[in-house]
There are 2 protein chains.
Amino acid sequence: MVGIDDVARRAGVSTATVSRALSGRGHVASATRERVEEAAAELGYVVSASASSLATGRMRNIGVVVPFLNRWFYTSVLEGAQRRLMQYGYDLTLYNLSGSSNERSTVFEQFLLRQRVDAVIAVSLELSAEEVDSLHALGKPLVGVGGPIRGVPTVSIDDVGVTRLATEHLLSLGHTVIGHIGGDVDAEMSFHMPTNRRLGWEDALRDAGVEPRPELYFPAVFTMESGYVAAKQMLGDPRLRPTAVVVASDEMAIGVILAARDMGLDVPRDLSVVGIDDHELAPFFGLTTVAQFPEQQGERAVELLMRELEQTREAEPANLQLPFELVVRSSTARPRPEREPRG
Amino acid sequence: MVGIDDVARRAGVSTATVSRALSGRGHVASATRERVEEAAAELGYVVSASASSLATGRMRNIGVVVPFLNRWFYTSVLEGAQRRLMQYGYDLTLYNLSGSSNERSTVFEQFLLRQRVDAVIAVSLELSAEEVDSLHALGKPLVGVGGPIRGVPTVSIDDVGVTRLATEHLLSLGHTVIGHIGGDVDAEMSFHMPTNRRLGWEDALRDAGVEPRPELYFPAVFTMESGYVAAKQMLGDPRLRPTAVVVASDEMAIGVILAARDMGLDVPRDLSVVGIDDHELAPFFGLTTVAQFPEQQGERAVELLMRELEQTREAEPANLQLPFELVVRSSTARPRPEREPRG
DNA sequence: GCGGGAGATGCAAGCGCTTGCGACGGCGTG
DNA sequence: CACGCCGTCGCAAGCGCTTGCATCTCCCGC
C-alpha cells in the first residue's frame, strides 16, 4: 500500500510538503506542487481517509437520515444531496429508519454519535429535543429537509403555499366545490406538513369567498392506494359532488384519477384533479401538479451544511424556502356548465 | 471529547484492557469487563472511528453502488443491505451513478479507492474488468447484486426462470398466443437480464410445443410509460392478437394494463398480463406477477461480504440464486372461448 | 549594504486507538 | 514440590497522516 512517504521520497520532498501540496493548504511552490502531483499520480497514491481524519478530526462524510427509502421524495432528495456532496469531495452515509422502531435509537446512539460523520441531514423527520441536543453537543451541524425542526436550519417548501397555489388554479378555472385529500396527521412522521397543506386549501378558498367545508377533506396516507380509497369515498357521497380536488401528493392524486375512472367519471370533464410534487409518473397520467424540486432541496441542504462546516462562523438557522411552480397538464379544466358532475 | 484513557482511568485499568474489553477481542476477566463497560457508559464513551480504523485497517463501512435511485428494485436492495449492515455494526455509504457519465469514473477513482470502504456491493452493474481489478488490487471484496459480474460472487435470481414461470402460468391457463414485453438490450446498463428474461419466455413456449414468434416481442425500457407504449403497439397490431402477455417488470406491466384499459380491453377477460417483481403497486392493480425479493437480495449480499471480511479464507465466487415465486392476482385468467380478443 | 519580512520547506509531535510481547500469578500435572 | 502453562493485564510501538514551529533563502526597501 503506497503511503505518503513513498510519494515524498519519489518527489524528493518531505511528507509535510506532500501533504500541503496535495491538500492545497499552505504555501507550496508551484514547481514543487507539480512534482508531487506527478509522483502521486504515478504511484496511484490516495490519502488514507482514516489517517487523515484522525489527524484533522474531520471525516469528510455526512450522514443522511431518511424515514423511508421507497418513496419518490426521499430518493430524490438523496440523489440531489449525493451529487452535491460528491462535488465537495464528501461521502454520504445512509441511515434508513424504516425498519424496526428501535432502529431509530440505534441509529442515533450507535452510529451518528460514533464520530463517523461530520454532520447530518435529516429528511422529513421530526427530531426530538434530545436527539437534536446530542448532535449539537458533539458539535455536529444538522440541517433538516422537509419538516421543520426547532432551532435547526431547514430547507423546505412553503407547504401552505403549494396547496394554496393548487387551489387558486382550480378557483381560477371556475371551480367552487373543491375537495381536499391530504395526509393523515396521526399517521405521518411529520405532522406539520399535512396540516399546512390543508391550511393552504382552506386559505385559498376563504380568500375567494368560499367557506371550506370540513366534510370535503379526506385523510389518506400518501400512497396511490390510499388516494384511491379516499377518492372513492369522496366521489361516492352524493351530498358532496366536488367538481375538483386538490391532493396533497401526486401518488395519491394518481390514485384519485384511477378511482374517478373506475367510477365512470372523466378527468378532467367531470372532475379536475391537481397534485403536489411533479412525481415522475405525473406526465404519464397527465396530472396537473405543483412541482417541488426535491433534488434541489437535497443540494441546498448540502450547501447549507458546507457553509457551516468550511467556515468557522456559526450559521444562522436560516430556514430556506425553496421555489415551487404550477405545472398544468390535462387533469384540470373548467367545470362543466351543468351542475351535475356525473356522466 | 472523552477518549479511551478517560475510561481507563475511571475503570482503573490500562487503555489496552479497555480496548480489549469493549471490542471483545482478547481475554478480559469478566469482572474487569463489567467495570470497563460501566465506566464507558457513564462517560458516554464511543470509540473514535478514525483512530480505530487507522489502527486496524478496517473501516467498518461498505460502499453500495447503484445505477439509479428512483427505482423500486434498487431502493429495496438498499433497504435490505442497510438493515443487515446495521446489524453487523457497519455503515453503508451510497454511491449513485445516475448523474453525469463521468460520475462513474469519479466514484471509482476518487471514492471507492480512497480506503473509505472495506468492500463494495454493486447493484445491477456490469463492471468493467479494470474496475473489478482495481478493487481486487486493493484487496476489497466485491459482490454483485442483479447482474452477474465475471469472477465476482453475485446474488441474483434466475432470470430465465422467472419469465419461464410466468409463461408457464399463462400456458397452464390455456393461452397460446403469448406476447412478451421486455427490456431493450441496448438501453440498459445490464444486458444479460433482458436477454435472459426473453429466453425464459421462449423456452417455456417451446417446451409447450409453441414456437415463439419474434414479432410478439416488444422492447421497452422498464418504465410504466414505456410499457404502455409497447402495449399499444402490440395490441394495436391486428395481425398479432395475443391473449396474454408476460412483461419483464411490474412497472411496465402496469403500463400494459393501463394501455389495455384505454383501448377498451378488459383485463383479464380480453388480455391476461403477468409481470415480474411484486412491486409495491402490484396488489393495487391486481397484477399477477412473479415475486422476487430485492430486500432479501441486499441482505444476502451483505452476508456474503461479511463472510469474506470476517473470516480470513477467500470466499469461493459462489453465485447465489435466490428464490422467486408466482403470485396470482386478478390480471390473469383463462382466455375467452372465442378466438376474437377484441370487445 | 543591511535589516526585515514573506515564501518555501522540513522536523517532529501528536491524533486516539489496537495489539504483539512480556510480566505476573495461580493452578494443574508429573 | 517444582515446573510450565494459561489467563489476565500493562507497556509501548505503531497505524499514516497533518500542522505548529523552526529554519533557510531570497527579495525588497530604505
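Residue numbers begin at 1 in each chain, while the letters A, B, ... track the order of the sequences.
Each of B/Ser52 and A/Ala16 was matched to the nucleotide of DNA chain C holding its nearest heavy atom; the match closer to the 5' end belongs to A/Ala16. Both B/Thr17 and B/Ala51 lie near DNA chain C, and the one whose nearest nucleotide falls closer to the 5' end is B/Ala51. Each of A/Ser23 and B/Thr15 has a nearest nucleotide on DNA chain D; the 5'-most of these lies closest to B/Thr15.
In this structure, the CD1 atom of B/Ile4 is 17 Å from the P atom of D/dA12, given to the nearest Å. Between the CG atom of B/Leu22 and the C1' atom of D/dC9 there is a distance of 16 Å, given to the nearest Å. Rounded to whole Å, the distance from CZ on B/Arg9 to C1' on D/dG10 is 16 Å.
A side-chain donor-acceptor contact under 3.5 Å links A/Asp118 to the backbone of A/Met59. No donor-acceptor pair under 3.5 Å is formed between the side chain of A/Thr17 and the backbone N or O of A/Val13.
In this structure, the separation between CD on B/Gln321 and CG on B/Asp159 is 8.5 Å, given to the nearest 0.5 Å. Within the model, atoms CG of A/Leu92 and CG of A/Leu78 stand 5.5 Å from one another, a figure rounded to the nearest 0.5 Å.
Heavy atoms of B/Ser48 sit under 4.0 angstrom from primed sugar atoms or phosphate atoms, though from no base atom.
First and last contacting nucleotides of DNA chain C toward chain A (any atom under 4.0 angstrom from a heavy atom, 5' to 3' order): C/dA8 to C/dG16.
End-to-end axis angle of the helix from C/dG1-D/dC30 to C/dG30-D/dC1, from C1' rotation axes over five pairs per end: 30° (rounded to 10 degrees).
Less than 4.0 Å separates DNA chain D from at least one heavy atom of each of the following residues of residues 25-43 of chain B: B/His27, B/Val28, B/Ala29, B/Thr32.
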Evaluate A/Tyr74 against A/Asn96 for side chain to side chain donor-acceptor pair (under 3.5 Å), listing each step before the verdict. CA-CA 10 Å; A/Tyr74 304 115; A/Asn96 172 19; over 6 Å; no

Applying side-chain contact (heavy atoms from CB on, under 4.5 Å) to A/Leu309 and A/Arg58, what does each step give before you reach the verdict? CA-CA 10 Å; A/Leu309 241 32; A/Arg58 314 274 316 281; 3.8 Å; yes

Report the C-alpha separation of B/Asn61 and B/Thr93 in whole Å, then their side-chain angles, then the decisive distance to 0.1 Å, and conclude whether the side chain to side chain donor-acceptor pair (under 3.5 Å) test is met. CA-CA 7 Å; B/Asn61 181 20; B/Thr93 117; 4.7 Å; no

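Of all heavy-atom pairs between B/Pro67 and B/Val123, the closest is CD-O, 3.1 Å.
Comment: B/Glu295 engages B/Arg83 in a salt bridge, judged by a side-chain N to carboxylate O separation of less than 4.0 angstrom. The pair B/Glu303-B/Arg300 meets the salt-bridge criterion, with a side-chain N (NZ, NE, NH1 or NH2) lying under 4.0 Å from an Asp/Glu carboxylate O.
Both the sub-6.0 Å distance and the 45° axial angle are not jointly satisfied by B/Arg71 relative to the ring of B/Phe73.
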